[in-house]
Protein chains: 2
Amino acid sequence: MNLSRTAYVVLGMLAVAGDRSGYGIRGAIETSVGYFWGESYGQIYPALKQLSAEGLIKAGGKPGKQKRQAYRITPAGRAVLRDWLAAPFQNDPPRNEFLLKLFFGAEADPSVAIEHIRELERRNLQSLRAMEEIEVLAPKVNAGEPGLKYWMLTLRLGLAMNRAALEWGKEALAELETDGRGNGASGSAAKK
Amino acid sequence: MNLSRTAYVVLGMLAVAGDRSGYGIRGAIETSVGYFWGESYGQIYPALKQLSAEGLIKAGGKPGKQKRQAYRITPAGRAVLRDWLAAPFQNDPPRNEFLLKLFFGAEADPSVAIEHIRELERRNLQSLRAMEEIEVLAPKVNAGEPGLKYWMLTLRLGLAMNRAALEWGKEALAELETDGRGNGASGSAAKK
DNA sequence: CGTGGCATGTAAACGGTTACATGATTTA
DNA sequence: TAAATCATGTAACCGTTTACATGCCACG
C-alpha cells in the first residue's frame with residue numbers, strides 16, 4: 001500500500017484547493033506548483049483510483065454520471081498527507097541539459113554556447129515576468145487563505161533563483177562575447 | 001538509431017576527459033557534472049555497447065581481457081556530439097520535493113516547514129562549500145584545458161543559485177519563526 | 001590463499017510520458 | 001446537428017534505478 005509521490009500531490013491539492021476532478025487537479029497543479037512540479041493524466045487518474053480504494057479520498061456527487069467526477073479528501077487522507085509532509089524531503093535527481101551542453105562547450109563552435117545562453121535568458125525572462133505577475137495577483141485573489149504564506153514563500157524562491165540565473169547569464173555572455181573578438185579559439189568547423 | 005541522452009553524456013565525457021572505462025566515465029560524471037546530471041551503471045554500460053556498435057566510440061587495448069576496458073571517441077563520434085550540442089536544449093521536467101512540501105505547509109504544523117527549510121539550508125551550505133573548493137582548485141588542476149572556461153561557467157551558475165537559495169532560506173526562516181511567536185496558527189495536532 | 005573492493009554487466013521493477021480511444025458538453 | 005472542446009481513462013513505450021550475479025585484482 002505504498003503511495004507514489006503523485007498520490008501525495010493529488011492529496012495535497014485536494015486539501016488546499018478544495019474538491020476537484022482529475023482534470024481540475026491537473027489544472028491546479030499546473031497553475032500553482034507548475035514551475036517546480038508536473039504530473040500527467042496518465043499518473044493522476046490511476047492515483048485517484050488508488051486513493052479511493054484506500055479510503056483517503058472519496059468520490060462525490062452523481063456516481064453513474066460521466067462528467068467531472070469530483071473527489072474530496074477524507075480525514076484519513078489528511079492524516080496520511082500530514083505524515084508525508086513531516087517526513088524528510090528527498091533531493092530529486094538533477095537534470096539540466098542546458099548546463100550539460102554548456103559544460104561540453106569547448107567541443108563546439110563558441111557561438112553555440114552563446115546562443116544557448118541567450119535562449120536561456122529568454123526563457124528565464126519569460127518565466128520571471130509570469131512569476132512577477134503572480135506575485136502581485138496572488139495576495140489579492142487568495143486573501144485570507146491559510147496557505148497563502150507558504151505559496152508566497154515558494155514563489156519567492158522561484159523569483160530569487162530566476163533572477164540569479166538571469167544575472168549569471170549577463171556576465172557569462174559578456175565573458176564569452178569579448179573572448180570571441182580576440183580569437184576564434186577552441187572551435188571546430190561546422191560540418192552539416 | 002536514436003541516441004539517448006545518456007549516450008551523449010558518455011560521448012561528451014570521452015571527448016573532454018580522455019579515454020575511459022564505464023566505471024571511469026561514471027566517476028567523471030559524478031565529480032564534474034554531478035550537481036546537475038546523474039547516470040547509473042545500468043544506463044552507461046548499454047550506452048557504451050550501442051555507441052560501439054554505431055562506430056562512435058571504439059574499445060581500446062586488450063580485447064579479451066576483463067579489466068577496465070577503456071573506450072575512445074572516434075571522429076564520427078565527435079561529429080555526432082557536435083550536432084547534438086548545437087541542437088536546442090530541452091527544459092527538464094521540474095521536480096522539487098522540498099518546494100512541494102513547503103507549498104502544502106499550511107496542512108501541517110508550522111514547525112514542519114521550518115525544519116524543512118533548516119535542512120535545506122544545511123544541504124545548500126554543504127554543497128556551497130564543496131563548490132567553493134572546486135572554484136579555487138579547478139583552475140590549477142586544469143590549467144591550459146580548453147574546456148576550463150566552460151567548466152567554470154557551469155560552476156558559477158551553481159554557486160549563484162546556491163547562494164540565492166541560501167539567502168532566501170534566511171529570510172524565509174525569519175518570517176516563519178517570528179510568526180510562530182505570535183500565534184500557533186494553522187496547525188493540526190500531532191497524531192502519530 | 002582468502003577476503004574485500006574494483007569493475008562489468010544484466011534483469012526486474014518503477015515511474016512517467018505519450019498516444020490513443022471514447023464519451024459528454026458546449027457552440028455555432 | 002456538426003464541430004470543437006472538455007473530460008476520463010488505458011495501454012504501450014521509454015528511461016532510470018535497484019538489485020543481483022559475477023570475475024578480477026591487490027593486499028593481508
Nucleic acid contacts of residues 21-40 of chain B, taken as heavy-atom distances under 4.0 Å to DNA chain C
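Those residues whose heavy atoms fall under 4.0 Å from DNA chain C, taken from residues 21-40 of chain B in numerical order, are B:Ser21, B:Gly22, B:Tyr23.
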
Considering only NZ, NE, NH1 and NH2 on the basic side and carboxylate oxygens on the acidic side, decide whether B:Glu97 and B:Lys101 come within less than 4.0 Å.
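A salt bridge links B:Glu97 with B:Lys101.
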
Are the charged groups of A:Glu54 and A:Lys49 less than 4.0 angstrom apart, N to O?
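Salt bridge between A:Glu54 and A:Lys49, a charged N being under 4.0 Å from a carboxylate O: no.
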
Side-chain contact, heavy-atom cut-off 4.5 Å: B:Val16 with B:Trp151?
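Yes, side chains in contact.
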
Proximity of A:Tyr150 and B:Phe103 rings by center, below 6.0 Å
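Not close enough - the centres of the two rings lie 6.0 Å or further apart.
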
Gap between atoms [atom1] and [atom2], on [X] and [N] respectively (whole Å):
{"X": "A:Tyr8", "N": "C:dG15", "atom1": "OH", "atom2": "P", "result": "12 Å"}
{"X": "A:Gln50", "N": "C:dG15", "atom1": "CD", "atom2": "C1'", "result": "13 Å"}
{"X": "A:Arg5", "N": "C:dC14", "atom1": "CZ", "atom2": "C1'", "result": "12 Å"}
{"X": "A:Arg20", "N": "D:dT8", "atom1": "CZ", "atom2": "C1'", "result": "17 Å"}

Are B:Ile134 and A:Leu102 in one and the same hydrophobic cluster, where Ile, Leu, Val, Met, Phe, Trp and Tyr link if side-chain heavy atoms are under 4.5 Å apart?
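Linked within one cluster.
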
Pairs under 3.5 angstrom, nitrogen or oxygen only, protein versus nucleotides 10-15 of chain D, please.
| from | atom 1 | to | atom 2 | distance (Å) |
| --- | --- | --- | --- | --- |
| D:dT10 | OP1 | A:Lys49 | NZ | 3.3 |

Establish, yes or no, whether the cationic atom of A:Arg123 lies under 6.0 Å from the six-membered ring centre of B:Phe89 and within 45° of the ring axis.
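The answer is yes, since A:Arg123 meets both limits relative to B:Phe89.
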
Cation-pi check for B:Tyr41 against B:Arg26: NZ or CZ below 6.0 Å from the six-membered ring centre and within 45 degrees of the axis, yes or no?
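Pair B:Arg26/B:Tyr41 counts as cation-pi.
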
Does any donor atom in the side chain of A:Thr6 or A:Glu39 lie under 3.5 Å from an acceptor atom in the other side chain?
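Checked: A:Thr6/A:Glu39 side chains pair up, N/O donor to acceptor below 3.5 Å.
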
